[in-house]
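Notes follow once the structure below has been shown.
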Amino acid sequence: MIKIPVYQPNLRGREAQYVNDCLASNWISSKGQYIERFEKAFSTFTGAPYSIAVCNGTVALHLALVALGVGPGDEVIVPTLTYIASVNAITYTGATPVFADCLRATWQLDPADVERKLTPRTKAIMAVHLYGHPCELSELNRIAKKNHLLLLEDCAEAIGSYYEGVHVGTIGDIGTFSFYGNKTITTGEGGMLTTNNPTLWERAVHFKGQGLAKHREYWHDVVGYNYRMTNLCAAIGLAQLERVEAIIARKRVIADTYKSILRGSPYEVQAEGSNVKHSYWMVSILIPEAAQRDAIREHLLKHGIETRPVFYPAHLMPMYSSLYQQHAVSEDIGARGINLPSYPDLQDEEVRFVCETLLAFSQ
């Protein structure tokens with residue numbers, strides 16, 4: 001029996017009030033006041049001039065790539081250590097994902113390996129802020145500008161994360177966020193695009209609504225998509241966003257507690273760089289030996305503690321493994337990494353219990 005889940009949402013704000021308001025008004029689909037309110041509030045929080053609500057994080061990525069003009073014949077450099085949606089979205093456009101390794105210190109995309117992977121077909125770099133830790137955006141931005149490339153920030157796991165004092169998703173050409181049920185804030189299913197560029201904003205809005213022309217009813221001038229968020233989801237998102245600062249603050253306390261108790265042990269908590277604010281969507285650790293991972297997770301589960309492995313490197317997946325590649329750092333982290341319970345309602349004594357159970361295994 002699971003007593004401490006790896007994640008669960010906190011829905012104790014105005015979520016029910018706002019959803020009931022949608023039901024009472026009959027505005028439950030992709031029109032209604034909460035969509036615009038959520039988008040505006042998200043722009044205020046992140047500092048992005050433009051925010052576009054969509055139906056999930058994966059379509060946010062696809063829509064961003066479409067808005068950027070990525071398509072067949074193009075290559076997009078992406079970290080292999082990421083959730084598969086980052087890679088699949090590139091494939092949806094007909095472009096080719098090109099995998100790069102990550103930095104050992106932070107688990108984020110390695111700019112030096114990005115430079116090694118550049119070809120004449122490279123169109124964009126996708127920076128994935130894995131588990132809430134920002135990538136080295138200054139270096140990635142430098143590489144992008146030097147080589148006339150586009151920079152997309154995948155911030156699915158990184159609301160509340162900052163690079164040199166600036167919220168992620170506002171530094172590259174376009175950013176994307178996810179509000180799945182296990183994310184820092186949730187709409188059940190949902191996502192958001194952010195950009196500083198009015199042209200990209202117009203393109204994304206156009207494509208997300210079935211390519212509907214502005215000034216002619218039921219006239220569609222591009223092949224578009226139904227990627228719209230519902231008013232119901234936006235209502236939940238707005239209520240969640242009202243409490244996001246408190247949620248992130250609590251998650252950072254949880255991470256600090258894990259780090260404090262596990263300091264000096266065989267378990268290594270993902271580090272935080274000096275120039276960033278890590279939002280700790282998931283508190284993740286490396287165990288000493290990959291061969292121990294299943295036994296450690298089973299040991300924790302026997303004590304009611306749910307965990308999960310970190311993401312497997314995408315270049316090892318069957319549909320992306322036809323070209324033999326090695327990415328040593330990503331493969332090592334993918335084999336030794338575990339996500340620990342990280343939800344905002346996790347109590348200090350529960351964190352201590354998780355750590356004590358971990359340490360008991362290693363004794």
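In this text the structure is predicted, and so the values were computed from the model without any measurement. Below, all heavy atoms of this structure are taken into account, side chains as well, without hydrogens, waters or symmetry copies.
Between the side chains of Thr184 and Tyr280, no donor N or O sits under 3.5 Å from an acceptor N or O. Judged purely by distance below 3.5 Å, without hydrogens or angles, the side chains of His315 and Thr80 pair a donor atom with an acceptor atom. Side chains of Tyr320 and Thr91: a donor-acceptor N/O pair is present below 3.5 angstrom, by distance only. Asn197 and Tyr50 share no side-chain donor-acceptor pair at under 3.5 Å. Glu157 and His133 are not linked by any side-chain donor-acceptor pair at a separation below 3.5 angstrom, with hydrogens and angles left out of the test. Between the side chains of Tyr18 and Glu242, a donor-acceptor pair is found at a separation under 3.5 Å. Using modelled atom types and a 3.5 Å distance limit, the side chains of Glu331 and Gln326 yield no donor-acceptor pair. Side chains of Gln108 and His129: no donor on one and acceptor on the other come within 3.5 Å.
Contact record, Ala67 with Leu200: O-CD2, 3.5 Å, taken as the closest heavy-atom pair. Considering all non-hydrogen atoms of both residues, Tyr267 and Leu358 come closest at OH-O, 3.1 Å. Nearest heavy-atom pair, Cys22 versus Leu232, reported as atom, atom and distance to 0.1 Å: CB-CD2, 3.7 Å. Of all non-hydrogen atoms in Tyr162 and His167, the two that sit nearest each other are CD2-N, 3.3 Å. Across every non-hydrogen atom of Arg336 and Ile287, the tightest pair is NH1-O, 2.7 Å. Of all non-hydrogen atoms in Leu81 and Cys102, the two that sit nearest each other are CD2-SG, 3.9 Å.
Residue Arg243 qualifies as enclosed at atom CZ: its count of foreign heavy atoms under 6.0 Å is above 12. By the 6.0 Å contact criterion, OH on Tyr180 is open, its count of non-hydrogen atoms from other residues, nucleotides or ligands being 12 or less.
The backbone N or O of Val283 sits less than 3.5 Å from a side-chain atom of Ser342, completing a donor-acceptor pair. Between the side chain of Ser43 and the main chain of Ala48, a donor-acceptor pair closer than 3.5 Å is present. Side chain of Glu75 to main chain of Pro97: no donor-acceptor pair is present (N/O by atom type, distance under 3.5 Å, no hydrogens or angles). When atom types are taken as modelled, the side chain of Thr82 and the backbone of Pro79 share no donor-acceptor pair closer than 3.5 angstrom. Looking only at distances, no side-chain donor or acceptor of Asp332 sits under 3.5 Å from a matching main-chain atom of Ala328. Between the side chain of Asp101 and the backbone N or O of Ser330 there is at least one donor-acceptor pair closer than 3.5 Å. Under a 3.5 Å cut-off, the side chain of Thr186 and the backbone N or O of Lys183 do not form any donor-acceptor pair. In terms of modelled atom types and a separation under 3.5 Å, the side chain of Glu36 and the main chain of Gln33 share no donor-acceptor contact. Judged by distance alone, with hydrogens and angles left aside, the side-chain atoms of His303 form a donor-acceptor pair with the main-chain N or O of His299 at under 3.5 Å. In this structure, the side chain of Thr195 engages the main chain of Asp173 through a donor-acceptor pair within 3.5 Å.
In this structure, SG in Cys135 is found 5.5 Å from CG in Leu109, a value given to the nearest 0.5 Å. Within the model, atoms NE2 of His206 and CG of Asp221 stand 3.5 Å from one another, a figure rounded to the nearest 0.5 Å. To the nearest 0.5 Å, atoms OG (Ser51) and CD1 (Ile35) are separated by 14.0 Å. Rounding to the nearest 0.5 angstrom, the gap separating the CZ atom in Arg263 from the CD atom in Glu268 is 13.0 Å. Going from atom CG of Asp294 over to atom CD1 of Ile338 covers 9.0 Å, rounded to the nearest 0.5 Å. With rounding to the nearest 0.5 Å, the separation of CG in Asn56 from CG in Leu61 is 9.0 Å.
Between Ile254 and Tyr343 the shortest side-chain heavy-atom distance does not fall below 4.5 Å. Taking the side chain as every heavy atom from C-beta outward, Ile143 and Ile125 approach each other to under 4.5 Å.
Between Arg116 and Asp113, at least one side-chain nitrogen of the basic residue sits less than 4.0 Å from a carboxylate oxygen of the acidic one, meeting the salt-bridge criterion. Under the 4.0 Å criterion applied to side-chain N and carboxylate O atoms, Arg104 and Asp110 are not assigned as salt-bridge partners.
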**OP:** Please test Val205 against Ile52 for side-chain contact (heavy atoms from CB on, under 4.5 Å), starting from the C-alpha separation and ending with a verdict.
**Re:** CA-CA 7 Å; Val205 169; Ile52 305 164; 3.9 Å; yes
**OP:** With side-chain contact (heavy atoms from CB on, under 4.5 Å) as the test, would you mind laying out the steps for Met282 and Gln270 before giving the verdict?
**Re:** CA-CA 10 Å; Met282 288 283 180; Gln270 183 191 19; over 6 Å; no
**OP:** Let me see the working for Glu164 and Lys277 under salt bridge (Lys or Arg N to Asp or Glu O under 4.0 Å), right down to the final yes or no.
**Re:** CA-CA 8 Å; Glu164 296 182 346; Lys277 179 182 178 182; over 6 Å; no
**OP:** Would you check, one step at a time, whether the test side chain to side chain donor-acceptor pair (under 3.5 Å) holds for Glu153 with Thr176?
**Re:** CA-CA 6 Å; Glu153 295 180 64; Thr176 66; over 6 Å; no
Original post:
Could you walk me through whether Asn88 and Thr58 pass the side-chain contact (heavy atoms from CB on, under 4.5 Å) check?
Top reply: CA-CA 9 Å; Asn88 285 347; Thr58 304; 5.8 Å; no
Subject >> Test log, rule salt bridge (Lys or Arg N to Asp or Glu O under 4.0 Å), inputs Asp256 and Arg252 >> reply: CA-CA 6 Å; Asp256 286 343; Arg252 284 183 59 83; 5.4 Å; no
Original post:
Please walk me through it: do Asn339 and Ser284 pass side-chain contact (heavy atoms from CB on, under 4.5 Å)?
Top reply: CA-CA 4 Å; Asn339 300 143; Ser284 305; 2.7 Å; yes
**OP:** Would you sort out whether Tyr131 and His278 count as a ring-ring contact (aromatic ring centres under 6.0 Å, His included), showing the intermediate values?
**Re:** CA-CA 9 Å; Tyr131 297 123; His278 190 339; 8.6 Å; no
**OP:** Please assess Tyr163 against Ser138 for the test side chain to side chain donor-acceptor pair (under 3.5 Å), listing each intermediate value before the final yes or no.
**Re:** CA-CA 9 Å; Tyr163 180 81; Ser138 290; 3.1 Å; yes
**OP:** Starting from the C-alpha separation in whole Å, work towards a yes-or-no answer on salt bridge (Lys or Arg N to Asp or Glu O under 4.0 Å) for Arg142 and Glu115.
**Re:** CA-CA 11 Å; Arg142 179 192 65 79; Glu115 288 197 288; 3.5 Å; yes
**OP:** Take Tyr83 and Asp154 through the test side chain to side chain donor-acceptor pair (under 3.5 Å) and record every step on the way to the result.
**Re:** CA-CA 10 Å; Tyr83 183 56; Asp154 180 348; over 6 Å; no
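A centroid separation of less than 6.0 Å is found between the aromatic rings of Phe179 and Phe38. A centroid separation of 6.0 Å or more is found between the aromatic rings of Tyr227 and Phe207.
Other residues sharing the hydrophobic cluster of Ile2, ordered by chain and number and joined by side-chain separations under 4.5 Å: Leu301.
The aromatic rings of Trp281 and Phe311 sit parallel to each other, their planes meeting at less than 30°, with 60° as the upper class boundary.
Each of Glu306, Arg308, Gln292 was checked for a side-chain contact (heavy atoms from CB on, under 4.5 Å) with Arg297, and the lone residue meeting it is Arg308.
A cation-pi arrangement is absent between Arg352 and Tyr258 under the rule of less than 6.0 angstrom and at most 45 degrees off the ring axis.
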